[in-house]
Amino acid sequence: MGRNETGAGRVTLATIAEALGVSRATVSNAYNRPDRLSAQLREQVLRTAHELGYAGPDPVAATLARGRIAAIGVVLEDPMSFAFADPAASLLLQGISEVCGQQDSALVLIPGPSGPIARVALVDGVICYCDLPDGAALETIRERRLPFVVVDGPTHDGAGHVGIDDRTAARAAARHLLDLGHRRFGVVAMPMHPDGWEGRPSPEREATAHFLGTRRRLAGYRDALAEAGLGHDAAVVEERAPYGRDAGRRAAHALLARDPRPTAVLAMSDELALGVLDAALSLGLDVPGDLSVVGFDDVPGAALARPALTTVRQPHREKGRAAASMLLPGPVRKDPVVLPTDLVVRGSTGPRRP
């Protein structure tokens, strides 16, 4: 039904078909299956429809008719602006959008996993780029019987999953610094819980961290230090919120004010690590002479930093492509996808000075 097909003198597909002397299906195909008509016939149908004042098929009615909305949603942990401000999130969305483009599907951003938008968003499936816990958000998705894929968060029965081995990747980052002779470490942590807390977390706060990536990366750092015979106190952790470059800068100032200060910093993301580089510069410290810094992600800004940032490379765009491919088309794959990571050594790390 057309959007103007109400009231007296309404124009319908049948009206256009009668004016042209063709079937109603032919007119419908001009809008919904243009490949079934010649270019000349389709142009004739659209021109006649315009002359008669027909605005085209109603999107909602068309959706109901075909049983598919042709859109997938991405549920974010943070406000929607995060998807555009954070380089890693932006790369992930690029990968998702590439698959959506190939499948002629739209992309819908859904901020806040517990928000009301998740209940009413018109989507065929959902990619959860967040730590989706048991609770209201998960209940909403299951109640709507939406297929869903979790990226980087915990696994759920019946859902697809895409991620990396955070713990092993973090262990490699710490091992690199140990091999360079470093024995005093600072860790700039992403938020552990969604409570906005800042400071040096207690062992209990670390062990019960809500965010899976934070918990696993910290465990990987500590694995490497333990393998080198170093105790828990060899790494001082500073947690800051909200996540971002300024958080890394503030955490670094706290770490570098210690006596003795760390000779190396492990940052749980490149954005945090770039904040550490800013702090070191403001304090007159040479990187890597006075301080070595390792990030995590390998976003474009890592290679452009001065010095260029040593970091863990993970395939953000491929994460997005893999997650979207699970939903478009067909049923969700149940076997998890674990993508590879690499340690990229650049100029921000060097041997510990005697």
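Note that the structure is predicted; figures quoted are calculated from it, not measured.
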Check your understanding: Hey, is CG on Asp35 packed in by over 12 heavy atoms from elsewhere, all under 6.0 Å?
Key -> yes
Exercise for review: Check the angle between the aromatic planes of Phe148 and His156 and answer parallel, tilted or perpendicular using the 30° and 60° thresholds.
Suggested key: tilted
Review point. How about Thr311 and Arg346: do any of their side-chain heavy atoms sit closer than 4.5 Å?
Key: yes
**Study point:** Check ion pair Arg352-Asp179 (N to O, under 4.0 angstrom)
**Key:** no
Exercise for review: Specify the closest pair of heavy atoms between Ala207 and Arg215, including all atoms of both residues, with the distance to one decimal.
Suggested key: O-CD, 3.7 Å
Review point. Rounded to the nearest 0.5 Å, how far does CG of Leu277 lie from CZ of Arg245?
Key: 9.0 Å
Point to revise | Aromatic contact, Tyr243 with Phe211 (centres under 6.0 Å) | key: no
Check your understanding: Could you state the interatomic distance from NE2 (His193) to OG1 (Thr208), rounded to the nearest 0.5 Å?
Key -> 3.5 Å
Check your understanding: Between CZ of Arg175 and CZ of Arg171, what distance do you get to the nearest 0.5 Å?
Key -> 10.5 Å
**Study point:** Member of Val294, Val344, Val293 meeting the side chain to side chain contact (heavy atoms under 4.5 Å, CB included) criterion with Thr310
**Key:** Val294
Point to revise | Atom pair NE2 (His253) and CG (Asp278), whose distance is rounded to the nearest 0.5 Å | key: 8.5 Å
Check your understanding: Within a reach of under 6.0 Å around CZ of Arg216, are more than 12 heavy atoms found that belong to other residues, nucleotides or ligands?
Key -> no
Review point. What about Phe84 and Val299, same hydrophobic cluster or not, with Ile/Leu/Val/Met/Phe/Trp/Tyr joined at side-chain heavy-atom distances under 4.5 Å?
Key: no
Check your understanding: For Glu143, does the CD atom sit with more than 12 other heavy atoms under 6.0 Å from it, leaving out its own atoms?
Key -> yes
Revision key, fill the gap. Note: Arg306 and Leu304 closest approach over all heavy atoms is NH1-O, 3.2 Å
Check your understanding: So, Thr341 side chain and Ala169 main chain: donor-acceptor pair closer than 3.5 Å or not?
Key -> no
**Study point:** Side chain to side chain, Met268 and Val187, heavy atoms closer than 4.5 Å
**Key:** yes
Point to revise | Salt bridge Glu98-Arg321, side-chain N to carboxylate O under 4.0 Å | key: yes
Exercise for review: Determine the minimum heavy-atom distance between Pro79 and Leu76, stating which atoms define it.
Suggested key: O-CD1, 4.4 Å
Check your understanding: Is the shortest heavy-atom distance from the side chain of Phe185 to the side chain of Leu177 under 4.5 Å?
Key -> yes
Check your understanding: Where do Asp152 and Leu212 land on the side-chain contact (heavy atoms from CB on, under 4.5 Å) test, with the steps shown first?
Key -> CA-CA 8 Å; Asp152 290 340; Leu212 194 62; over 6 Å; no
**Study point:** Intermediate values then yes/no, side-chain contact (heavy atoms from CB on, under 4.5 Å), Arg261 and Leu255
**Key:** CA-CA 7 Å; Arg261 68 172 179 249; Leu255 289 169; over 6 Å; no
Point to revise | Atom of Ala170, atom of Tyr221 and distance for their closest heavy-atom approach | key: O-CD2, 3.4 Å
**Study point:** Non-hydrogen side-chain atoms of Arg205 and Glu239 separated by less than 4.5 Å
**Key:** yes
Check your understanding: Any Lys/Arg nitrogen of Glu206 or Arg222 sitting under 4.0 Å from an Asp/Glu carboxylate oxygen of the other?
Key -> yes
Check your understanding: Taking the side chain from Thr168 and the backbone from Asp165, do they hold a donor-acceptor pair closer than 3.5 Å?
Key -> no
Review point. Looking at Ala264 and Leu291, what are the two nearest heavy atoms and their distance?
Key: N-CD1, 3.8 Å
Check your understanding: Under the 3.5 angstrom rule, does the side chain of Gln314 hit a backbone N or O of Ile164 as a donor-acceptor pair?
Key -> no
Point to revise | Non-hydrogen side-chain atoms of Ile141 and Pro147 separated by less than 4.5 Å | key: no
**Study point:** Test item: Ser90 side-chain N/O and Asp86 main-chain N/O as donor-acceptor pair under 3.5 Å
**Key:** no
Review point. Do other residues, nucleotides or ligands put more than 12 heavy atoms under 6.0 Å from Glu18 CD?
Key: no
Review point. In terms of hydrophobic clusters joined by side-chain contacts under 4.5 Å, are Phe82 and Leu91 together?
Key: no
Check your understanding: Can you tell if the side chain of Val108 reaches within under 4.5 Å of the side chain of Val74, non-hydrogen atoms only?
Key -> no
**Study point:** Sole residue of Asp270, Asp342, Asp298 in side-chain hydrogen bond (donor to acceptor under 3.5 Å, both in side chains) with Arg313
**Key:** Asp298
Check your understanding: side chain to side chain contact (heavy atoms under 4.5 Å, CB included) with Ala247: which residues, sequence neighbours excluded?
Key -> Arg240, Arg250, Leu272
Review point. What residues, two or more places apart in sequence or in another chain, satisfy side chain to side chain contact (heavy atoms under 4.5 Å, CB included) together with Ser23?
Key: Ala25, Thr26
Review point. Checking Glu238 side chain against Val188 main chain: does a donor-acceptor pair fall under 3.5 Å?
Key: no
Exercise for review: Report whether Tyr31 and Leu52 are members of the same hydrophobic cluster (ILVMFWY, side-chain heavy atoms less than 4.5 Å apart, transitive linking).
Suggested key: yes
Exercise for review: I would like to know whether Leu285 and Leu256 meet side-chain contact (heavy atoms from CB on, under 4.5 Å); could you show each step before the answer?
Suggested key: CA-CA 10 Å; Leu285 298 177; Leu256 298 175; 3.8 Å; yes
Point to revise | Reported NE2-to-CD1 distance for the pair His50 and Ile16, which is rounded to 0.5 angstrom | key: 12.0 Å
Check your understanding: What's the shortest heavy-atom distance between Thr263 and Arg183, and which atoms?
Key -> OG1-N, 4.3 Å
Check your understanding: Can Leu146 be reached from Val150 by stepping across I, L, V, M, F, W or Y side chains whose heavy atoms are under 4.5 Å apart?
Key -> yes
Study note, to complete from the structure: Rounded to the nearest 0.5 angstrom, the OG1-CG distance for Thr214 and Asp131 is 8.0 Å
Point to revise | Residue pair Val151 / Leu92, side-chain heavy-atom distance below 4.5 Å | key: yes
**Study point:** Within-4.5 Å side-chain heavy-atom neighbours: His232 and Leu225
**Key:** no
Practice item. Mind jotting down which residue pairs meet the ring-ring contact (aromatic ring centres under 6.0 Å, His included) criterion with at least one end in residues 268-315? Sequence neighbours excluded, please. Key: none
Practice item. May I ask whether Val338 and Met326 are part of the same hydrophobic cluster, defined by side-chain heavy atoms of I, L, V, M, F, W, Y residues being less than 4.5 angstrom apart, directly or through others? Key: no
Practice item. Output, in order, the C-alpha distance, side-chain angles, deciding distance and verdict of side-chain contact (heavy atoms from CB on, under 4.5 Å) for Asp246 and Glu271. Key: CA-CA 9 Å; Asp246 182 63; Glu271 283 294 282; over 6 Å; no
